Each structure stands twice: as structure tokens, then as C-alpha cells.
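Keep in mind that this is a model prediction, so the values were computed, not measured.
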Amino acid sequence: QVQLVESGGGLVQAGGPLRLPCAASGRVFSINIMGWFRQAPGKEREFLAAISWSIGSTYYADSVKDRFTISRDNAKKTVYLQMDSLKPEDTAVYYCAANRNIATIDSGYWGQGTQVTVSS
């Protein structure tokens, strides 16, 4: 099993930045990609970004690629989502996910989620 723990959520003003870490533990050798999703009230879960451990390939949703940046710290087995120029519509619960590859990232391991609220 792999455990994912998100942190860094909270209340931020529109236009501000926020960084979300996600730390992986357990059988981390079984995963090669980690990423972020979010779900706002009444909306479907939305893919945001992902990064591979092996070569650092990154994947972004078009809706956030100009404002969000994903990075990794291999030694700490931690992935970071840097969010800039936040908007009220970014308010959601943000989830970390991990699996072997990008095609299956949403069917592997999940964190418990962290709330991000952007005030106008």
C-alpha cells in the first residue's frame, strides 16, 4: 500500500499563491507518477497536473497550465503543486493521487484531500 498525505490548504485571497505538498510513504517503489485533482461542490473531479518520478515528465490540464506548476523532490518522495494567481473558482478540495502511469493515475492511490478556499 501507498499512503499519500496532502497539506498546505487553507484560505487565500484572490490573486495570491499557495503551495500544496503531497508526501508519499509505504510501497513507494510501486508508483511512478503522482498528481493532483480537485473537486468543487456540485462538480466532477477534475485532473490538474501530474509528474513522473523517473524522468520528471509533467502533464497539465489546459485550464491551469498557465498558473499551476507541479514539481517533485525524489529524496522526500513529495510532490508539490504551486498555484499562482488564484481565483475564487479555484476553491475546491484538492486531492493527491498516485499510480504506475498517467493513464491509470485516477485508479490508484488517493490522499484524504485538503481544502483550498479563495476569497474574492
Side-chain angles (χ1 to χ4, degrees):
Q1 291 294 319
V2 174
Q3 293 79 44
L4 303 175
V5 179
E6 305 102 332
S7 59
L11 177 64
V12 61
Q13 286 191 333
L18 198 64
R19 190 178 78 154
L20 304 181
C22 174
S25 62
R27 298 171 62 89
V28 293
F29 56 84
S30 67
I31 60 174
N32 186 49
I33 195 156
M34 287 179 64
W36 289 92
F37 292 72
R38 70 184 178 190
Q39 188 165 21
K43 294 189 176 181
E44 293 187 353
R45 185 175 61 197
E46 175 188 15
F47 168 78
L48 299 175
I51 188 166
S52 68
W53 285 116
S54 54
I55 58 175
S57 299
T58 56
Y59 308 84
Y60 290 97
D62 289 341
S63 58
V64 300
K65 64 181 180 181
D66 294 331
R67 298 187 295 122
F68 292 5
T69 303
I70 193 167
S71 61
R72 76 196 195 289
D73 183 328
N74 283 32
K76 295 182 179 180
K77 278 301 180 185
T78 298
V79 167
Y80 302 93
L81 185 67
Q82 177 68 42
M83 305 185 291
D84 296 316
S85 303
L86 282 165
K87 306 174 182 179
E89 50 264 43
D90 293 317
T91 295
V93 178
Y94 284 69
Y95 296 93
C96 181
N99 210 340
R100 293 183 179 275
N101 54 62
I102 188 64
T104 60
I105 189 173
D106 62 348
S107 59
Y109 302 99
W110 290 91
Q112 80 286 354
T114 186
Q115 175 71 45
V116 172
T117 302
V118 183
S119 63
S120 58

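Trp53 and Ile51 fall within a single hydrophobic cluster, where Ile, Leu, Val, Met, Phe, Trp and Tyr side chains are chained together by heavy-atom contacts under 4.5 Å.
By the salt bridge (Lys or Arg N to Asp or Glu O under 4.0 Å) test, Asp62 is found to be paired with Lys65, residues two or more places apart in sequence or in another chain being considered. Gln39 meets the side chain to side chain donor-acceptor pair (under 3.5 Å) test with no other residue; sequence neighbours excluded. For the side chain to side chain donor-acceptor pair (under 3.5 Å) test, residues two or more places apart in sequence or in another chain that qualify with Arg72 are Asn74. By the side-chain contact (heavy atoms from CB on, under 4.5 Å) test, Ser120 is found to be paired with Pro88, residues two or more places apart in sequence or in another chain being considered. Shown here are the side chain to side chain donor-acceptor pair (under 3.5 Å) partners of Arg67, two or more places apart in sequence or in another chain: Asp90. Under the side chain to side chain donor-acceptor pair (under 3.5 Å) criterion, Glu46 pairs with Arg38, Ser63, not counting sequence neighbours. Evaluation of the side-chain contact (heavy atoms from CB on, under 4.5 Å) rule for Gln1 yields Gln3, Tyr109 as partners, not counting sequence neighbours.
To the nearest 0.5 Å, atoms CG (Asn101) and OG (Ser54) are separated by 10.5 Å.
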Under 3.5 Å, which donor-acceptor pairs do the side chains of residues 77-87 form with other protein atoms, sequence neighbours left out?
| from | atom 1 | to | atom 2 | distance (Å) |
| --- | --- | --- | --- | --- |
| Thr78 | OG1 | Lys76 | O | 3.0 |
| Gln82 | NE2 | Asp84 | OD1 | 3.0 |

Return a table of donor-acceptor pairs under 3.5 angstrom between the side chains of residues 6-23 and protein atoms on other chains or two or more places apart.
| from | atom 1 | to | atom 2 | distance (Å) |
| --- | --- | --- | --- | --- |
| Glu6 | OE1 | Gln112 | N | 3.0 |
| Glu6 | OE1 | Gln112 | NE2 | 3.4 |
| Glu6 | OE1 | Gly113 | N | 2.9 |
| Glu6 | OE2 | Cys96 | N | 2.7 |
| Glu6 | OE2 | Gly113 | N | 3.2 |

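Side-chain contact between Tyr94 and Leu48 is present, with heavy atoms from C-beta onward closer than 4.5 Å.
Between the side chain of Ser52 and the main chain of Asn32, no donor-acceptor pair closer than 3.5 Å is present.
When all heavy atoms are compared, the tightest approach of Met34 to Ala98 is CG-CB, 3.6 Å. Taking every heavy atom of both residues into account, Gly35 and Ile70 meet most closely at CA-CD1, 4.2 Å.
Within 6.0 Å of CZ on Arg45 lie more than 12 heavy atoms contributed by other residues, nucleotides or ligands.
The disulfide bond (SG atoms under 2.5 Å apart) analysis of residues 63-94, with sequence neighbours excluded, yields no pairs.
Trp110 belongs to a hydrophobic cluster with Ile33, Phe37, Phe47, Tyr59, Val93, Tyr95, Ile102, Ile105, counting contacts under 4.5 Å between side-chain heavy atoms of Ile, Leu, Val, Met, Phe, Trp and Tyr, direct or through other members.
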